[in-house]
Amino acid sequence: MIIEPRRLVRECLSNCLAEAIPDYRIVTYASVDAWDRAGIGHRDGDMVVLYYDPRDAVRSGSSREGALLSRLGPGANVVLLCDSEDPGEIIERLNEGVRGYIPTNVSLKVAIEAMRLVRAGGVFVPASCLLQRQEDAASADPRSQFTPRQTAVLEGLRQGKANKIIAFDLDMKESTVKVHVRNIMRRLGVTNRTEAVVRTFERGVNFSVSTVSSVGPQATPA
């Protein structure tokens, strides 16, 4: 079932799918309402390809694909065609039960193979979504701002250690520790050690003991 408001896109996609998946009966509608009025129902395993515009949900205050999913039930394989590749939007739709999210900037071949995957029981999302999520996670993680040495020094600060003890633990000069502390404070946008520690706790940064031990020899002060 293809639900697409643009007739040319609807008919082209229908013809291509009819050739690529000949054992499926393909029906097309210009809107969800048109499909509803037809009253043909659906069966488990049916695939529904729906053109999705996030701006429609913003304008109407409701999600038509969400309403469609609730009517179709969990047995239907819903695939969205969308001009947007926003990772947050994609994750939200997947959480609603969508099985595929196909950007309209992919080739026809990729789109058809994505539908084959969904039909076989898989889930399709664009690679760009995964890469963007990875980049966002890295940029949101304060640990990505620091070198391994700075991370180890910051762990020492979080444990309340003085610069002399941190230097002994990490086998470096105390003056080097002071340089690292200044760089850490500058990157966190704070003016003292206490603020640096508080800022990392606010951001939920977790450091393991192995992080410290991996960058320098450990010893216990006499």
Side-chain angles (χ1 to χ4, degrees), residues 52-59 61-63 65-66 80 82-106 114 123-222:
Y52 170 66
D53 185 349
R55 295 170 298 183
D56 286 343
V58 174
R59 287 192 292 262
S62 62
S63 170
E65 77 287 343
L80 300 183
C82 187
D83 298 331
S84 168
E85 292 185 60
D86 177 67
E89 184 73 37
I90 294 174
I91 297 300
E92 189 172 344
R93 300 289 78 79
L94 292 177
N95 287 336
E96 289 182 344
V98 167
R99 300 290 302 280
Y101 196 104
I102 304 177
T104 53
N105 62 1
V106 303
V123 174
F124 177 84
V125 295
S128 58
C129 168
L130 302 179
L131 294 173
Q132 184 61 49
R133 293 281 290 185
Q134 187 177 41
E135 291 173 2
D136 290 346
S139 62
D141 186 349
R143 287 173 296 182
S144 64
Q145 303 177 44
F146 307 120
T147 66
R149 281 292 196 183
Q150 290 171 342
T151 301
V153 170
L154 183 52
E155 170 61 9
L157 296 180
R158 285 164 60 107
Q159 293 177 4
K161 295 180 179 180
N163 288 347
K164 182 184 295 185
I165 303 300
I166 295 174
F168 184 89
D169 288 346
L170 300 179
D171 192 28
M172 64 174 68
K173 294 180 179 179
E174 186 176 354
S175 59
T176 303
V177 172
K178 291 179 180 179
V179 172
H180 285 316
V181 171
R182 285 198 298 269
N183 290 334
I184 289 169
M185 291 191 298
R186 185 177 68 252
R187 293 193 179 189
L188 289 174
V190 299
T191 57
N192 58 58
R193 297 158 59 100
T194 301
E195 288 180 354
V197 172
V198 171
R199 182 65 56 84
T200 60
F201 277 113
E202 286 176 347
R203 298 185 182 184
V205 184
N206 293 315
F207 297 97
S208 63
V209 175
S210 61
T211 302
V212 180
S213 61
S214 65
V215 295
Q218 296 293 298
T220 303

Rounded to the nearest 0.5 Å, what separates atom [atom1] in [X] from atom [atom2] in [Y]?
X	Y	atom1	atom2	answer
D169	K161	CG	NZ	4.0 Å
T104	Y52	OG1	OH	13.5 Å
N163	M172	CG	CE	10.5 Å
F124	L80	CZ	CG	12.0 Å

Kindly list each side-chain donor-acceptor pair under 3.5 angstrom involving residues 175-184, sequence neighbours excluded, with atom names and distances?
| from | atom 1 | to | atom 2 | distance (Å) |
| --- | --- | --- | --- | --- |
| N183 | OD1 | R186 | NH1 | 2.9 |
| N183 | OD1 | R186 | NH2 | 3.1 |
| N183 | ND2 | V179 | O | 3.4 |

**Request:** Sequence neighbours left out, what passes side chain to side chain donor-acceptor pair (under 3.5 Å) with E174? Give chain and number order.
**Result:** none
**Message:** Regarding R93 and Y101, do their side chains bring together a donor and an acceptor under 3.5 Å, going by distance alone?
**Reply:**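 No, Y101 and R93 have no side-chain donor paired with an acceptor closer than 3.5 Å.
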**Item:** E155 versus T151, side-chain donor and acceptor atoms under 3.5 Å
**Value:** no
What heavy-atom pair brings [X] and [Y] nearest, and what distance separates the two atoms?
X	Y	value
G156	I166	C-CD1, 3.8 Å
I102	A114	CD1-CB, 3.7 Å
E195	T191	OE1-N, 2.9 Å
Q150	R187	OE1-NH1, 3.8 Å

